[in-house]
Amino acid sequence: MTDGLVLPELDAGPFLLRAFRPGDLPLLEEAAADPYIPVISSVPVPYTEAEGLAFVRRQHDRARECVGYSLAIADRAEGRAVGQIGLWLTEIGEGRAATGYWIAPSARGRGAAGHALAAVAHWALADLAIPRVHLHVEPWNTASIRTAERAGFRREGLLRSWMELGGERRDMLLYARLAADGQAASTP
């Protein structure tokens with residue numbers, strides 16, 4: 001018997017979703033220098049190698065503690081991590097899970113987020129039998145809006161002053177994909 005959740009490896013087309021490794025520190029260093037990623041994630045700022053390794057341990061701890069799955073998005077050809085995607089289970093008792101993702105600046109524009117989101121949504125809805133997966137996107141983030149919609153997520157509404165990010169209350173668009181929606185044509 002194992003404690004916690006087992007971090008999977010998921011096929012995401014040209015990308016592989018897998019557990020974070022110490023070799024992913026260059027990704028974390030790049031992400032820490034981005035003006036937005038640290039605001040929406042737990043990527044450490046200022047970045048140090050010790051803080052980067054602590055980040056990797058925290059991602060494994062989240063599975064061990066059954067909070068959810070935090071996976072590195074890795075370029076399948078190069079093996080290099082280019083981003084992160086999570087499936088968070090804090091609302092699983094209500095039949096829903098949340099997802100979120102970020103991509104390092106050097107890897108944007110290659111469809112990594114779309115492939116990762118489609119793979120996680122399919123896995124959650126079909127394999128884990130979670131009835132609903134949702135995500136929040138800031139209204140200005142057109143790239144993330146397109147990513148969500150291409151992965152079969154539907155916009156459900158605007159949540160005004162929904163959460164605090166970077167010390168200010170922010171509006172969020174709510175997107176969701178349901179098991180009842182069926183298989184979406186979900187590639188970037």
Handout entry: Side-chain heavy-atom pair Pro46, Glu51 within 4.5 angstrom cut-off
Key = no
Handout entry: Inter-residue atom distance Leu173.CG - Glu156.CD, 0.5 Å rounding
Key = 11.5 Å
Handout entry: ILVMFWY network linking Val39 to Tyr47, side-chain heavy atoms under 4.5 angstrom
Key = yes
Exercise for the section: Quick one: pull up CD1 in Ile40 and CH2 in Trp102 and give me the separation to the nearest 0.5 Å. Expected result: 9.0 Å
Practice task
Give a yes or no on this: more than 12 heavy atoms of other residues, nucleotides or ligands lie within 6.0 Å of atom CD of Glu49.
Solution key: no
Completion exercise
Heavy atoms of Ala107 and Val82 approach each other most closely as CB-CB, 3.4 Å
Exercise for the section: Please tell me if the side chains of Thr90 and Val67 come closer than 4.5 Å, counting only heavy atoms from C-beta onward. Expected result: yes
Practice task
Indicate the atoms forming the closest heavy-atom contact of Ala97 with Leu89, along with that distance.
Solution key: CB-CD2, 4.0 Å
Fill in the blank from the handout: Scanning both residues in full, the closest heavy-atom pair of Ile37 with Pro105 reads CD1-CD, 4.4 Å
Practice task
To the nearest 0.5 Å, tell me how far Leu135 CG sits from Arg177 CZ.
Solution key: 11.0 Å
Handout entry: Nearest-0.5 Å distance that lies between atom CZ in Arg169 and atom CE in Met163
Key = 8.5 Å
Fill in the blank from the handout: Separation between CG (Leu87) and CG (Leu10), nearest 0.5 Å, reads 9.5 Å
Problem - Which residues share a side chain to side chain donor-acceptor pair (under 3.5 Å) with Glu30, sequence neighbours left out - result: Ser106
Exercise for the section: Determine whether Tyr69 and Leu17 make a side-chain contact, defined as any pair of heavy atoms from C-beta on separated by less than 4.5 Å. Expected result: no
Exercise for the section: Mind listing the closest non-hydrogen atom pair of Pro131 and Gly95 along with its distance? Expected result: CD-O, 3.2 Å
Practice task
Before accepting this row, confirm whether a basic side-chain N of the pair Arg64/Asp61 lies closer than 4.0 Å to the acidic partner's carboxylate O.
Solution key: yes
Exercise for the section: Return the set of residues passing ring pair (Phe, Tyr, Trp, His ring centres under 6.0 Å) with His136 (not counting sequence neighbours), or none when no residue passes. Expected result: His134, Trp162
Practice task
Identify the two heavy atoms, one from Arg18 and one from Ala74, that lie closest to each other, and give their separation to 0.1 Å.
Solution key: NE-CB, 3.7 Å
Handout entry: Closest contact, heavy atoms only, Ala113 versus Thr147
Key = C-CG2, 3.8 Å
Problem - Any residue meeting ring pair (Phe, Tyr, Trp, His ring centres under 6.0 Å) with Tyr101, in chain and number order, not counting sequence neighbours - result: none
Handout entry: Ile145 and Arg155, any side-chain heavy atoms less than 4.5 Å apart
Key = yes
Practice task
Would you please classify the geometry between the Phe55 ring and the Phe20 ring as parallel, tilted or perpendicular, with 30° and 60° separating the classes?
Solution key: perpendicular
Problem - Arg76 side chain reached by Asp11 side chain, heavy atoms, under 4.5 Å - result: yes
Completion exercise
Value for CG (Leu117) from CD1 (Ile85), rounded to nearest 0.5 Å, stands at 5.0 Å
Handout entry: Beyond-backbone contact of Val120 with Val133, side-chain heavy atoms, under 4.5 angstrom
Key = no
Handout entry: Joint cluster assignment, Tyr175 & Trp140, ILVMFWY side-chain distance < 4.5 Å
Key = no
Exercise for the section: Measure the shortest side-chain to side-chain distance between Pro22 and Leu53 over non-hydrogen atoms and say whether it is less than 4.5 angstrom. Expected result: yes
